[in-house]
Amino acid sequence: MSETLTIHIYSFSYVRGGIPPDPTGHGGGFVFDCRALPNPGREEAYKNLTGMNEAVSRTLEEKAEVRTYWERVLGLVLDAAEVFRGRGFEHLSVAFGCTGGQHRSVYFAERLRRSLEEKGYACTVVHRDLPEGLG
């Protein structure tokens, strides 16, 4: 069993650059499209906030479709992480994309990092397209 598995988590904007490349050279991993979920960025109160702000998290977590999406994502990633660790893999990439790369994708990237770290996984997080001054 590998103790060196690192899970690399990205948030990104489909509009500002699309799916991020895999810098580990393994060319794989999960890409989750969050654009079908409610977008807090369309509401004036959340325009200058990010998925790291409590108000954005709270409004997303109030939505049943967000809770269902999260449960499915977490299940898939945890299953893969267990297999990857058991096979001695060192890297797993998980990317979340949304329209602007500011609210939904950032929220899920941070939430996944917290959940995986609670289970003992090493994680990195990159919010690639977060607007300057909001990160």
Give a yes or no on whether the backbone of [Y] and the side-chain of [X] come within a donor-acceptor separation of less than 3.5 Å.
X: N53; Y: T50; result: yes
X: S13; Y: D129; result: no
X: S115; Y: R111; result: yes
X: R35; Y: G97; result: no
X: R128; Y: F12; result: no
X: H103; Y: Y46; result: yes

With a 4.0 Å cut-off, would you call E54 and R58 a salt bridge? yes
Compare every heavy atom of [Y] with every heavy atom of [X], then report the nearest pair and how far apart it is.
X: V31; Y: Y14; result: CG1-OH, 3.8 Å
X: P38; Y: L60; result: O-CD2, 3.7 Å
X: C123; Y: R113; result: CB-CG, 4.1 Å
X: G101; Y: V106; result: O-CG2, 3.5 Å

Does one hydrophobic cluster hold both [X] and [Y], with members joined at side-chain heavy-atom distances below 4.5 Å?
X: W70; Y: L37; result: yes
X: V77; Y: V126; result: no
X: F89; Y: L92; result: yes
X: L76; Y: F84; result: yes

Take Y69 and C34 through the side chain to side chain contact (heavy atoms under 4.5 Å, CB included) test and state the conclusion after the steps. CA-CA 9 Å; Y69 188 86; C34 304; 3.8 Å; yes
Given the rule in the side chain to side chain contact (heavy atoms under 4.5 Å, CB included) test, do L116 and I9 qualify, once you have shown the distances and angles that lead to the verdict? CA-CA 11 Å; L116 292 171; I9 305 168; 4.1 Å; yes
Option from M52, Q102, E61 for which side-chain contact (heavy atoms from CB on, under 4.5 Å) with Y107 holds: E61
To the closest 0.5 Å, what do you measure between OG (S11) and CG (L112)? 12.0 Å
Show, in sequence, the C-alpha distance, side-chain angles and deciding distance for F108 and F32, and conclude whether the side chain to side chain contact (heavy atoms under 4.5 Å, CB included) test is met. CA-CA 9 Å; F108 281 106; F32 295 103; over 6 Å; no
Taking atom types as modelled, is there a side-chain donor on H127 or E110 under 3.5 Å from an acceptor on the other? yes
Looking just at side-chain N and O atoms, do S93 and H8 make a donor-acceptor pair shorter than 3.5 Å? no
F96 six-ring centre to R104 NZ/CZ under 6.0 Å and within 45° of normal: no
Side-chain contact test, heavy atoms from C-beta onward, threshold under 4.5 Å: evaluate it for R16 versus P131 and give yes or no. yes
Heavy atoms, side chains only, cut-off 4.5 Å: are N39 and C98 in contact? no
Stepwise side chain to side chain contact (heavy atoms under 4.5 Å, CB included) test for Y121 and L5: CA-CA 7 Å; Y121 289 100; L5 176 66; 3.9 Å; yes
I'd like to know whether CG of D33 has more than 12 heavy-atom contacts from other residues, nucleotides or ligands below 6.0 angstrom. yes
